[in-house]
Amino acid sequence: GSKSMRGGRPQGDALRRFGDAKKRMGDIFVDLEGYVAELVDSFVQLSADYDFVETSQVQEAQHNRNSITVIQTMLKRDHMKVVFFGRTSNGKSTVINAMLHSRVLPAGMGHTTSCFLQVEASPDDETFIMTENTKDRISIEKLNALAHASDHDNKAKGSASMGEDSLVRIFWPKNDSKLLQNDVVLLDSPGVDVSPEFDSWIDKHCLDADVFVLVCNAEATLTQAEKSFFNRVSSKLSKPNIFILNNRWDASAAEPEEMEQVREQHMTQFRRFLVQDLQVCTGEEAKDRIFFVSAREVLNSRAKKIQQSPSTMLAEGHLLRAQDFHNFEQQFETCISKSAIRTKFEGHIRRGREIMLNLQKIVESVHADALREKETRSLLHRSKLSELRQSQSSFLQFETKSRENADRLRAEVHVKVSADFHD
Ligand code: GDP
């Protein structure tokens with residue numbers, strides 16, 4: 001029932017949950033930062049007047065406050081990330097464009113991407129690109145030249161593999177794209193047939209990926225390069241989320257009598273790959289991970305609204321393929337937002353909790369020291385008082401005694417004097 005509304009939620013809410021969670025987390029960390037700032041201030045004041053707050057404790061509280069600021073910065077940068085893999089010309093760029101509803105990436109006609117291309121939301125609705133090395137905005141017109149430049153340069157240097165893991169970032173206005181509006185970043189990779197440097201690819205671009213999409217050519221079987229890439233991925237990441245798109249499914253419409261059989265073959269092959277080889281999902285889950293689509297048809301129908309491209313003859317069965325692409329997008333959205341919330345935010349929550357426990361310990365220790373000091377002072381006070389009282393009472397005793405003595409003396413003198421007088 002992936003098509004229907006779940007629990008009354010309108011479709012498309014899955015992606016927004018990431019943003020909602022991010023906002024709520026942000027609010028909580030703003031609160032925490034406020035408390036900790038107050039705490040640090042009062043520690044600073046107390047430490048000036050009393051011995052029971054040590055400088056090291058003030059420093060530690062300050063350090064914890066800085067950690068909260070670091071988490072806040074990371075939280076602002078957090079996004080959902082999907083990476084696309086597959087052989088050159090299987091249609092990776094076309095799938096990304098279809099999902100974005102516009103022709104963002106150069107695709108087709110012998111174009112091969114020789115570096116990683118990452119599409120993300122523009123901060124100010126300007127379209128521009130940026131390379132890894134500079135912070136300068138580069139005109140989007142230079143994209144083709146740039147994506148090939150690294151290839152060309154490297155060939156000139158005699159090294160074909162270097163630079164294939166380099167990254168060009170494309171900043172695109174988010175108005176028309178639900179994905180970009182909701183902090184999704186899409187990464188196109190060079191074809192897995194281009195480079196065997198999978199480990200550096202994975203280390204550099206995939207460790208923070210929430211979802212992987214393998215774009216296959218439905219007319220061919222899975223290649224060794226595609227298999228070994230995902231074997232590396234699943235050995236480095238625990239249970240990666242992998243979707244498989246059998247793209248160019250429109251091409252098989254020409255032979256409808258074989259279509260069902262081919263579909264079954266692909267299904268069996270890919271289910272075995274996900275469930276048995278990679279062990280990333282169960283047989284039941286696998287059917288929500290494997291789709292038969294035509295990215296070109298979807299892109300044409302979606303981009304047409306914007307760019308009046310000549311309508312092409314739609315092959316038999318295009319509605320089913322369009323529906324399957326839509327099903328893929330729904331499963332993808334639920335999966336990426338769940339995964340990103342779990343992996344990205346749980347880390348922050350754990351750190352936040354550690355920081356609060358740490359601060360609690362410091363506060364408790366300061367509190368205990370303060371109580372001890374109060375006690376010592378009041379003990380001191382009490383013993384002084386009793387000393388005082390003692391001295392007071394001895395003084396009184398002394399006074400009484402001396403008064404008695406004086407009286408006796410006076411009496412004696414009196415007796416003596418009167419005796420003398422009478423003598
Ligand atoms: P990439 O190298 O994997 O990024 O592949 P591209 O997206 O550049 O696509 C290569 C060629 O295949 C382009 O000419 C696309 O128009 C074409 N193509 C992509 N998807 C489909 C599809 O679903 N059906 C058909 N028939 N052609 C497609």
Side-chain angles (χ1 to χ4, degrees), residues 15-50 52-82 118 120-126 128 130-137 167 169 171 174 179-185 187 203-210 237 336-370:
L15 281 182
R16 219 176 306 138
R17 292 180 58 197
F18 178 82
D20 290 347
K22 183 168 169 170
K23 190 173 172 310
R24 247 184 294 160
M25 293 265 299
D27 291 347
I28 292 173
F29 274 98
V30 166
D31 277 354
L32 286 187
E33 213 274 335
Y35 299 146
V36 179
E38 235 172 75
L39 184 74
V40 170
D41 284 350
S42 62
F43 269 19
V44 169
Q45 277 178 14
L46 285 173
S47 73
D49 300 337
Y50 298 97
F52 58 79
V53 186
E54 288 162 27
T55 324
S56 65
Q57 286 170 319
V58 181
Q59 282 168 350
E60 207 177 334
Q62 181 63 52
H63 175 77
N64 280 289
R65 183 185 172 182
N66 295 344
S67 304
I68 291 182
T69 319
V70 170
I71 296 178
Q72 286 178 309
T73 317
M74 284 167 70
L75 188 63
K76 282 202 189 95
R77 278 204 300 254
D78 276 336
H79 53 243
M80 298 180 263
K81 181 171 173 181
V82 48
Q118 176 165 297
E120 51 194 292
S122 164
D124 51 15
D125 285 348
E126 292 287 317
F128 61 93
M130 231 182 231
T131 61
E132 279 176 288
N133 314 321
T134 68
K135 288 243 169 286
D136 299 334
R137 293 185 176 199
L167 177 73
R169 298 165 74 187
F171 293 85
K174 58 183 169 203
L179 296 179
L180 296 182
Q181 280 162 16
N182 285 291
D183 275 340
V184 177
V185 162
L187 185 61
D203 292 344
K204 203 168 159 193
H205 299 292
C206 303
L207 297 181
D208 64 339
D210 300 294
L237 282 95
I336 196 169
S337 117
K338 252 192 209 159
S339 160
I341 289 174
R342 194 178 55 233
T343 56
K344 267 120 200 172
F345 296 163
E346 265 182 13
H348 298 329
I349 292 173
R350 201 177 329 110
R351 277 294 295 138
R353 198 174 290 148
E354 271 168 26
I355 290 171
M356 293 325 281
L357 281 176
N358 213 344
L359 283 168
Q360 192 184 330
K361 258 188 223 149
I362 302 175
V363 171
E364 274 168 6
S365 141
V366 167
H367 184 66
D369 287 349

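Owing to the predicted nature of the structure, the values given are computational and were not obtained by experimental measurement.
Salt bridge D183/K22: present, at least one basic N to carboxylate O contact under 4.0 Å. Ion pairing between a basic and an acidic side chain is recognised when a charged N comes within 4.0 Å of a carboxylate O; D20 and R24 show no such pairing. Salt bridge E60/K361: absent, no basic N to carboxylate O contact under 4.0 Å.
Between Q62 atom CD and S67 atom OG the span is 10.0 Å, to the nearest 0.5 Å. We find the NZ-CE distance between K344 and M74 to be 10.5 Å, quoted to the nearest 0.5 Å. Distance check, rounded to the nearest 0.5 Å: CZ of F171 to CG of D124 gives 10.0 Å. Atom CZ in R351 sits 7.5 Å away from atom CG in N64 (nearest 0.5 Å). The CG atom of L75 sits 10.0 Å away from atom CD1 of I28, with the distance rounded to the nearest 0.5 Å. A distance of 11.0 Å separates CE in M80 from OG1 in T343, rounded to the nearest 0.5 Å.
Taking 4.5 Å as the limit, every side-chain heavy atom of Q45 sits out of range of all side-chain heavy atoms of V53. For the pair L359 and I355, the minimum side-chain heavy-atom distance is below 4.5 Å. D210 is not listed as a side-chain neighbour of V82, based on a closest heavy-atom distance of 4.5 Å or more. Under the 4.5 Å side-chain criterion, counting only non-hydrogen atoms from C-beta, F18 is not in contact with V184.
Not one N or O on the side chain of E120 forms a donor-acceptor pair closer than 3.5 Å with the backbone of V185. Here the side chain of H205 pairs no donor or acceptor atom with the backbone of D203 at under 3.5 angstrom. A donor-acceptor pair is defined here as one N or O able to donate and one able to accept, closer than 3.5 Å; such a pair exists between the side chain of T69 and the backbone of R65.
Here the closest heavy-atom approach between residue F43 and residue V366 is recorded as CZ-CG2, 3.9 Å. What you find for H348 and F29 is that their closest heavy atoms are O-CZ, 3.6 Å. Of all heavy-atom pairs between L15 and S337, the closest is CA-CB, 4.3 Å. Taking both residues in full, the closest heavy atoms of A121 and L180 are given as CB-O, 3.6 Å, listed atom of the first, atom of the second, then distance.
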